[in-house]
Chemist: 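This is the structure I have questions about; it appears just below.
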Protein chains: 2
Amino acid sequence: MSRAMRHPLDPMLGFHLVRTANLALRAVNAAYGDLGIRHPDGAVLLVIDANPGITQSSIGRLLNIQRSNIAPMVSRLVDRGWLERRPGKGKTIGMFLTESGQRIMPAIHAASTAGENMITTSIGADAYAATLETLKRLR
Amino acid sequence: MSRAMRHPLDPMLGFHLVRTANLALRAVNAAYGDLGIRHPDGAVLLVIDANPGITQSSIGRLLNIQRSNIAPMVSRLVDRGWLERRPGKGKTIGMFLTESGQRIMPAIHAASTAGENMITTSIGADAYAATLETLKRLR
DNA sequence: TATTGTTATACTCTATAACTATA
DNA sequence: TATAGTTATAGAGTATAACAATA
């Protein structure tokens with residue numbers, strides 16, 4: 001194959017969004033690696049830490065994850081002793097961090113910023129802020 | 001659950017990158033739906049159309065797809081009569097569009113821009129261009 | 001009716017290893 | 001050694017459907 005190749009997807013933002021998202025997720029998963037969890041688990045822990053008593057359905061709406069996929073994740077985190085379920089109104093169940101779960105949150109916070117740091121050092125703080133503002137406008 | 005919830009991932013660009021990428025891929029896959037293919041297939045066809053005779057390994061490098069994952073995709077597209085393999089130097093095999101493949105390219109091009117259009121109408125042309133420039137800097 | 005939690009299931013995409021063949 | 005094509009396999013992530021319980 002000759003050296004110079006045409007890349008018809010290079011001028012498409014969607015392609016670079018997917019590519020950059022994958023790079024960021026890779027960095028985050030590597031940082032979470034020591035804890036034996038992956039990025040969706042970390043996101044769930046962060047949301048529960050910020051919203052004690054939140055339901056699984058609400059977590060799913062915040063993170064764009066189906067509630068049918070939240071259930072097994074929560075079960076694993078409960079098995080590891082980091083989360084506990086407490087019955088709420090009706091069929092709802094509130095999620096809370098255990099003491100053990102609270103102790104690992106500093107590590108979760110640190111690891112969750114690995115992707116952010118990678119992006120920031122690569123594109124600069126100004127571009128980071130501008131892109132964040134831009135993408136937050138998208139619905 | 002009370003109305004106002006904290007969203008600890010909302011200030012993180014990585015979260016919005018993943019979310020926006022998923023929205024764009026959803027739009028692209030919906031547009032490709034009529035053709036019975038999905039976004040990786042469309043990307044492969046676009047790359048081959050722009051680079052007749054390109055090898056599978058080179059396609060993978062351009063699109064960040066393992067060559068072990070390119071092989072079955074190409075086989076499906078060959079079975080559908082859109083691609084053909086022609087032996088090249090050594091063990092290399094050049095990929096080419098068939099006549100049938102060339103005839104569907106206008107539809108492929110049109111569908112591939114579905115994600116772009118969704119993003120552009122949502123954030124505006126200026127933000128689109130700025131974000132594209134920013135993300136292209138990332139390695 | 002609508003929502004919650006849950007299980008089951010299937011599909012897409014990705015990752016790794018191993019093998020043969022060419023250079 | 002390095003690269004190309006291929007097969008097999010495993011894993012992560014996502015999607016839909018269905019059900020019982022509750023409001």
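Order of the sequence lines fixes the chain letters, A, B, ..., with proteins taken first and strands second; residue numbering starts at 1 for each chain.
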Chemist: Counting only heavy atoms not in B:R137, do more than 12 sit closer than 6.0 Å to its CZ atom?
Modeler: yes

Chemist: With hydrogens left out and only the distance checked, is there a donor-acceptor pair under 3.5 Å joining A:K91's side chain and the base of D:dA20?
Modeler: yes

Chemist: Taking atom types as modelled and ignoring hydrogens, do the side chains of A:T55 and A:R61 form a donor-acceptor contact shorter than 3.5 angstrom?
Modeler: no

Chemist: Counting heavy atoms from C-beta on, name the nucleotide in D:dA4, D:dA21, D:dA8 closest to the side chain of B:S57.
Modeler: D:dA4

Chemist: Considering heavy-atom distances to DNA chain D, does A:I65 or B:R61 have its closest nucleotide positioned more toward the 5' end?
Modeler: B:R61

Chemist: With a 4.0 Å cut-off on heavy atoms, is B:Q66 in touch with a base, just the backbone sugar-phosphate, or nothing at all?
Modeler: base

Chemist: Round to the nearest Å and state the distance from B:K89 atom NZ to D:dG5 atom P.
Modeler: 15 Å

Chemist: So with a 6.0 Å cut-off around CG of B:D79, is the heavy-atom count from everything else above 12?
Modeler: yes

Chemist: How many Å lie between CE on A:M73 and P on D:dA12, as a whole number?
Modeler: 12 Å

Chemist: Please say whether more than 12 non-hydrogen atoms of neighbouring residues, nucleotides or ligands are located less than 6.0 Å from CZ in A:R6.
Modeler: no

Chemist: For B:S75 and for B:R26, locate the closest nucleotide of DNA chain D by heavy-atom distance; then report the residue assigned to the nucleotide nearer the 5' terminus.
Modeler: B:S75

Chemist: Between D:dT6 atom P and B:D79 atom CG, what is the distance in whole Å?
Modeler: 12 Å

Chemist: Looking only at side-chain N and O atoms, does A:R80 offer a donor or acceptor that is under 3.5 Å from a partner on A:T98?
Modeler: no

Chemist: For the side chain of A:S68, starting at C-beta, report the closest nucleotide among D:dA21, D:dA4, D:dT16.
Modeler: D:dT16

Chemist: Distance check needed: D:dT14 P versus A:N22 CG, whole Å only.
Modeler: 11 Å

Chemist: How many Å lie between CZ on A:R67 and C1' on D:dT22, as a whole number?
Modeler: 13 Å

Chemist: Name the nucleic acid region contacted by A:P40, choosing base, sugar-phosphate or nothing; use a 4.0 angstrom heavy-atom cut-off, strictly under.
Modeler: sugar-phosphate

Chemist: Taking for each residue the nucleotide of DNA chain C bearing the nearest heavy atom, is the 5' side occupied by B:R76 or by A:G94?
Modeler: A:G94

Chemist: Toward the 5' end of DNA chain C, which comes first, B:R38 or B:G90, by nearest nucleotide?
Modeler: B:R38

Chemist: Under 3.5 Å, is there a donor-acceptor pair linking the side chains of B:N51 and A:H7?
Modeler: no

Chemist: Please state how far atom CD1 in A:I37 lies from atom P in D:dG11, giving the value in whole angstrom units.
Modeler: 19 Å

Chemist: For a 4.0 angstrom threshold against heavy atoms of chain A, report the outermost contacting nucleotides of DNA chain C in 5' to 3' order.
Modeler: C:dT4 to C:dA15

Chemist: Measure the distance from CG on B:L25 to C1' on D:dG13 and round it to the nearest whole Å.
Modeler: 13 Å

Chemist: Please check if the number of heavy atoms outside B:R26 that lie under 6.0 Å from its CZ is greater than 12.
Modeler: no

Chemist: Tell me: CZ of B:R19 to C1' of D:dG13, nearest whole Å?
Modeler: 18 Å

